[in-house]
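Input: a single structure, listed below in structure tokens.
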Amino acid sequence: MTDSTQTFYITTPIYYVNDRPHIGHLYTTTVADVVARIHRLAGEDTFFLTGTDEHAAKVVDTAAERGMSAQAWADQNAEAFRTTFERFGISNDDFIRTSEARHKAFVTGMISDLVETGDVYLGEYEGWYDAGQEEYVPEARAAEHDFKSPINGKSLVRRKEENYFFRLSAFSDDLLAWIDANPEFIQPVARRNEVLGRIREGLADVPISRSGGGDWGIPFPGRSDHMIYVWIDALINYTSTVEAPERRKYWPANLHLIAKDILWFHAVIWPAMLMAIQKAPGREWMKLPRQIYAHSFWIRDGQKMSKSLGNFVDLEKLDEVVEKFGLDALRWYLLTQGPLGTDDGDFSDARFLAVYNSDLANTLGNSFHRISNMTGRYLGGCFEEPSSDPGLRARVEEILGDDRRAPLGLGGLSKGLDLVRAIDAFIEETQPFKLAKQEGTEERVAEILYSCAETYRLASLLLWPTLPQKMEEVWRRMGLEEYTVRLADPEGPGLADCMAWGGLSAGASIEKGPPLFARIQDE
Ligand code: ME8
């Protein structure tokens with residue numbers, strides 16, 4: 001990889017280590033995984049980070065209830081997140097835990113520097129505290145919500161303490177100017193407007209330390225009776241992980257993928273902290289991330305998922321789905337039915353089954369089955385001479401567009417599906433199964449089937465980031481195993497080369513095998 005290779009750095013939130021992984025965590029991480037795979041395919045030097053946020057006060061309480069140390073409890077749960085992501089095929093390049101020394105040292109240094117620049121100072125704070133979220137709610141917002149948590153509806157508590165503060169109020173104008181000058185900075189647009197509206201209401205300084213809460217956390221530099229507030233510690237993970245010289249090239253992150261619940265911290269507090277720290281010597285590299293994308297929430301059967309309703313799509317449920325439909329089917333549902341925009345996404349068993357059967361079994365699976373089946377029957381499983389139908393080829397070009405990088409991005413998945421639909425329409429129109437019964441049609445049948453197989457090959461490349469297991473199986477059956485290595489090679493030609501029409505050469509064969517996605521009947 002040369003120094004000039006474009007880099008791409010994507011992050012997920014780091015998850016509270018007190019919770020068990022559920023669909024929400026897996027969703028953000030899976031979307032990030034698909035995006036990371038897309039960028040790797042495009043030949044970019046990609047870095048994908050996820051991890052755990054461990055210094056919440058709740059961790060100490062829960063650990064105590066279990067007769068464990070906070071560290072032991074955090075170790076156990078961080079491991080659950082790490083192995084869950086591994087089991088669900090997530091291709092993260094690192095897993096950061098905020099209780100690791102590498103992170104703590106970086107946070108301490110950064111906060112010391114913010115004291116130096118004058119952006120962190122000692123003061124006194126009194127306000128409405130949301131214990132569930134471990135955050136203060138601004139007076140106006142607290143009143144608006146009848147002094148209940150805007151997130152979980154529990155009563156807010158009045159609290160007063162000596163704190164170190166971050167001078168957020170000094171950054172209103174700079175933030176507004178930045179967001180204005182960078183329309184892509186906060187997405188979707190509705191979220192951007194929300195943030196702009198709240199900044200215009202005015203920004204108060206934020207407390208960033210806490211005293212009297214024990215010693216779980218990162219001590220405030222020079223004041224070991226104060227701990228750095230967990231949210232401030234957590235946000236810094238995005239930079240502590242890439243501080244090392246060989247990783248600096250990844251910063252600024254291209255994308256912080258989060259949900260709407262934590263938008264304020266990411267779109268206001270974090271950028272302001274970065275604006276402040278850039279003034280410190282040696283910290284010039286700590287620029288603002290390029291984009292913060294906040295998706296919406298998964299709900300279940302039309303209802304909010306909550307502890308009290310006990311209706312979380314939890315790990316057991318997710319494992320059950322994978323057991324029955326396969327991992328790629330779960331990824332497909334998450335990506336196509338998920339709350340990527342501003343609407344919430346509903347997880348329902350009936351919907352899952354319907355989407356599985358229509359997109360995967362009846363379209364992607366069935367099409368491959370028809371192509372491989374007919375190729376086996378009429379051509380002995382092998383294409384002697386590539387010969388393309390101009391009509392289908394034109395349709396493919398139309399779907400892909402001129403720019404071979406254009407099908408990348410999350411839209412690639414629907415283009416992949418469109419290509420497969422084009423194959424199906426073409427088969428209906430040309431009826432190779434009827435033609436094959438007539439004399440003198442061998443060449444035309446071979447041309448039709450080659451064109452279908454070639455189109456499927458192109459589709460497989462666009463579908464791979466979402467359906468890696470199944471598309472690698474397709475490559476194996478088409479004799480294209482080398483793609484797995486070739487596409488992953490940062491020195492290699494990458495996707496552009498494979499996206500050209502005609503990748504299946506003379507003598508290419510195609511193996512039938514069991515259905516890629518077996519049709520599943522409703523019970
Ligand atoms: O907030 N639907 O951690 P967290 C979709 N530690 N996504 C959901 C979801 C749902 N119903 N529920 C959770 C924290 N998520 C902090 C973050 S970052 C510096 C610190 C996902 O464990 C979504 O990505 O509560 C959301 O933003 C995140 O989990 C919150 O995870």
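Just follow the structure's listing: the first ligand is 1, and inside any ligand the first atom is 1.
Residue-to-ligand polar distances place Ala259 within reach of ligand 1: an N/O pair is separated by less than 3.5 Å. Looking at Asn237 next to ligand 1, no N or O pair under 3.5 Å apart turns up. For Ile14, a nitrogen or oxygen atom sits less than 3.5 Å from a nitrogen or oxygen atom of ligand 1, counting backbone and side chain alike.
A salt bridge links Arg158 with Glu126: the closest approach of a Lys/Arg side-chain nitrogen to an acidic carboxylate oxygen falls below 4.0 angstrom. In summary, Arg331 and Asp33 engage in a salt bridge, as defined by a charged side-chain N under 4.0 Å from a carboxylate O. Under the 4.0 Å criterion applied to side-chain N and carboxylate O atoms, Glu162 and Arg223 are assigned as salt-bridge partners. With salt bridges taken as basic N to acidic carboxylate O contacts below 4.0 Å, none links Lys279 and Asp113. Lys260 and Asp344 are joined by a salt bridge, as a carboxylate oxygen and a charged side-chain nitrogen come within less than 4.0 angstrom of each other. Contact check on Arg82 versus Glu86 returns a salt bridge, with a Lys/Arg side-chain nitrogen under 4.0 Å from an Asp/Glu carboxylate oxygen. The pair Arg102-Asp94 meets the salt-bridge criterion, with a side-chain N (NZ, NE, NH1 or NH2) lying under 4.0 Å from an Asp/Glu carboxylate O.
Shortest contact from atom 2 (N) of ligand 1 to any protein heavy atom: Trp298 N, 2.9 Å. When only non-hydrogen protein atoms are considered, atom 19 (C) of ligand 1 lies nearest to Tyr238 OH, 3.5 Å. Among protein heavy atoms, the minimum distance from atom 3 (O) of ligand 1 is reached at Tyr16 CD1, 3.4 Å. Remark: minimum distance from atom 10 (C) of ligand 1 to any protein heavy atom is reached at Phe297 CD2, 3.3 Å. At the shortest separation from atom 13 (C) of ligand 1 among protein heavy atoms lies His22 CE1, 3.7 Å. Ranking protein heavy atoms by distance to atom 24 (O) of ligand 1, first place goes to Thr28 OG1, 2.7 Å. Protein heavy atom in closest approach to atom 31 (O) of ligand 1: Tyr15 CD2, 3.5 Å.
The cationic atom of Lys317 (NZ for Lys, CZ for Arg) does not lie both less than 6.0 Å from the six-membered ring centre of Phe312 and within 45° of the ring axis.
Between Ser296, Pro21, Gly24, Pro339, it is Gly24 that holds the heavy atom closest to atom 21 (C) of ligand 1. Evaluated by nearest non-hydrogen atom to atom 6 (N) of ligand 1, the leading choice among Ile262, Ile23, Ile96, Asp53 is Asp53.
Contact between Trp270 and ligand 1 is absent, with no heavy atom of the residue lying under 4.0 Å from the ligand. For the pair His266 and ligand 1, a heavy-atom separation below 4.0 Å is found. Contact analysis leaves Phe265 out of contact with ligand 1, as no non-hydrogen atom separation drops below 4.0 angstrom.
Leu463 has its side chain within reach of Trp332: a pair of non-hydrogen atoms, C-beta onward, lies under 4.5 Å apart.
Scanning both residues, Ser296 and Arg191, for their nearest heavy atoms gives OG-NH2, 3.4 Å.
Here Asp261 has side-chain heavy atoms under 4.0 Å from ligand 1, and that is the only part of it that gets that close.
Near Met305, meaning under 4.0 Å from one of its heavy atoms, ligand 1 places the atoms 11 (N). Each of the following atoms of ligand 1 lies closer than 4.0 Å to a heavy atom of Ala234: 19 (C).
Remark: Gln71 CD is packed, more than 12 non-hydrogen atoms of other residues, nucleotides or ligands lying under 6.0 Å away.
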